[in-house]
Amino acid sequence: MSKKAIDLTETNPTSKTQLTKENMYNFIKQRNNKEDAQWFVDLMREHKKDVPLNSGKAKSEKGKSYDFAYIREEFAKKFFKEISDEYKKAQKKIFDDELTELLNSFDAA
């Protein structure tokens, strides 16, 4: 089952799994910004990796794919910060600080 294509210019993704190759490509294309396009092309080209092929005799051969975990995270950091791991970790620290303050408020009373 393939993932549903979403228009990233109109809908904010709720998770990085929605950042498919096609969705990211279409988002960059619709932005019509040469610097963003160059950044995306460089990101994709720099993060190719060898993967084993899954068909019979070819299992010992390698094919090319992309490091999508890294690419999605970098794309999220640049365009959709709220779903990036970096943002989520920062938010968690802030909430942990709030929890500490909650406990400390009882000590002060």
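Using a 4.5 Å cut-off on side-chain heavy atoms (C-beta onward), K49 and Y66 make no contact. Looking at heavy atoms from C-beta onward, R45 lies out of side-chain contact with F40 at the 4.5 angstrom threshold.
To the nearest 0.5 Å, atom CZ of residue R72 and atom NE2 of residue H47 are 14.5 Å apart. Taken to the nearest 0.5 Å, the CG atom of D96 stands 13.5 Å off from the NZ atom of K89. Taking CG of D97 as the reference point, atom CG of L102 lies at 12.5 Å (rounded to 0.5 Å). Once rounded to the nearest 0.5 Å, the distance linking CD1 of I28 with CD of Q38 reads 11.5 Å. Here OG of S105 is found 12.0 Å from CD of E98. Values are rounded to the nearest 0.5 Å. The structure places CG of N23 at 10.5 Å from OG1 of T9, a figure rounded to the nearest 0.5 Å.
A 6.0 Å sphere centred on NZ of K88 holds more than 12 heavy atoms belonging to other residues, nucleotides or ligands. For D42, the CG atom sits in a packed shell: over 12 heavy atoms of surrounding residues, nucleotides or ligands are nearer than 6.0 Å. Counting heavy atoms of neighbouring residues, nucleotides and ligands inside a 6.0 Å radius, atom CD of Q91 exceeds 12 of them. Residue K77 places its NZ atom among more than 12 non-hydrogen atoms of other residues, nucleotides or ligands, all under 6.0 Å distant.
With hydrogens and angles ignored, the 3.5 Å screen pairs no side-chain donor or acceptor of S84 with any backbone N or O of F80. Formation of a donor-acceptor pair under 3.5 Å by the T11 side chain with backbone atoms of L8 is not found in this model.
Residues passing the side chain to side chain donor-acceptor pair (under 3.5 Å) test with E46: none are found, sequence neighbours excluded.
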Problem set entry | Verdict with reasoning, Q18 to T14, per side-chain hydrogen bond (donor to acceptor under 3.5 Å, both in side chains) | CA-CA 7 Å; Q18 293 175 314; T14 55; 3.3 Å; yes
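When every heavy atom of A76 is checked against every heavy atom of I83, the shortest pair comes out as CB-CG1, 3.9 Å. R31 and D36 make their closest contact through NE-OD2, 2.7 Å (heavy atoms, listed as atom of the first residue, atom of the second, distance). Heavy-atom minimum distance, L19 versus M24: O-CE, 3.5 Å.
In the hydrophobic clustering of this structure, F27 groups with Y25; members are Ile, Leu, Val, Met, Phe, Trp, Tyr whose side-chain heavy atoms approach within less than 4.5 Å, directly or through other members.
Taking the six-membered ring for Trp and the full ring otherwise, the centers of F75 and Y70 sit at least 6.0 Å from each other.
Here K16 pairs with D85 in a salt bridge; the nearest charged N to carboxylate O distance falls below 4.0 Å.
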